[in-house]
Amino acid sequence: MKLRFSALVLLAAIFGCGGKPQRAFVYQDLQCAAPLPDGGAGQCHEVGDGATYLECASDGDCPGATPFCRTLGLFKGGDFNCNATVRICRPAAHDDCVR
């Protein structure tokens, strides 16, 4: 029942009450080790929690349970966790990939 309620809250946040619809981001990523010295491919494995997050531009786009619009770093098939980024609503004021 809790999962069903969470899904309804997420759908309400995505489609809102007359506001601009937000995009949902499913956190699934692929991390691969650097190529081997002999030219072989490095090992890859999936990372990410598989959860769905709201994409955002500012804190004002985020609902109460996840009030912070922050950067999530992505491997995107590489060995560095900030090869790409996405801004999502998060429960904590934490940015990945801070320069």
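Heavy atoms only, all atoms of each residue included: G77 and C32 are closest at O-CB, 3.2 Å. Across all their heavy atoms, L30 and C44 have their closest contact at CD1-CB, 4.0 Å. The shortest non-hydrogen separation linking P63 to L54 is CD-CD1, 3.8 Å. Looking at every heavy atom in both residues, A84 comes nearest to K76 through CB-CG, 3.5 Å. Between N81 and C97 the shortest heavy-atom distance is O-SG, 4.1 Å. Taking each heavy atom of F68 and A92 in turn, the nearest pair found is CD1-C, 3.5 Å.
For a disulfide, the SG atoms of both cysteines must be under 2.5 angstrom apart; this fails for C69 and C89.
Between the side chain of N83 and the backbone N or O of F75 there is at least one donor-acceptor pair closer than 3.5 Å. With D29 contributing its side chain and G48 its backbone, the two residues share no donor-acceptor pair below 3.5 Å. In this structure, R90 contributes its side chain and T71 its backbone to a donor-acceptor pair below 3.5 Å.
Taken from CG in D95 to CZ in R87, the straight-line distance is 6.5 Å, to the nearest 0.5 Å.
Side-chain contact check for D96 versus R70: every heavy-atom pair is 4.5 Å or farther apart.
The side-chain contact (heavy atoms from CB on, under 4.5 Å) with E55 is formed by just one residue from the set V86, L72, D61; it is V86.
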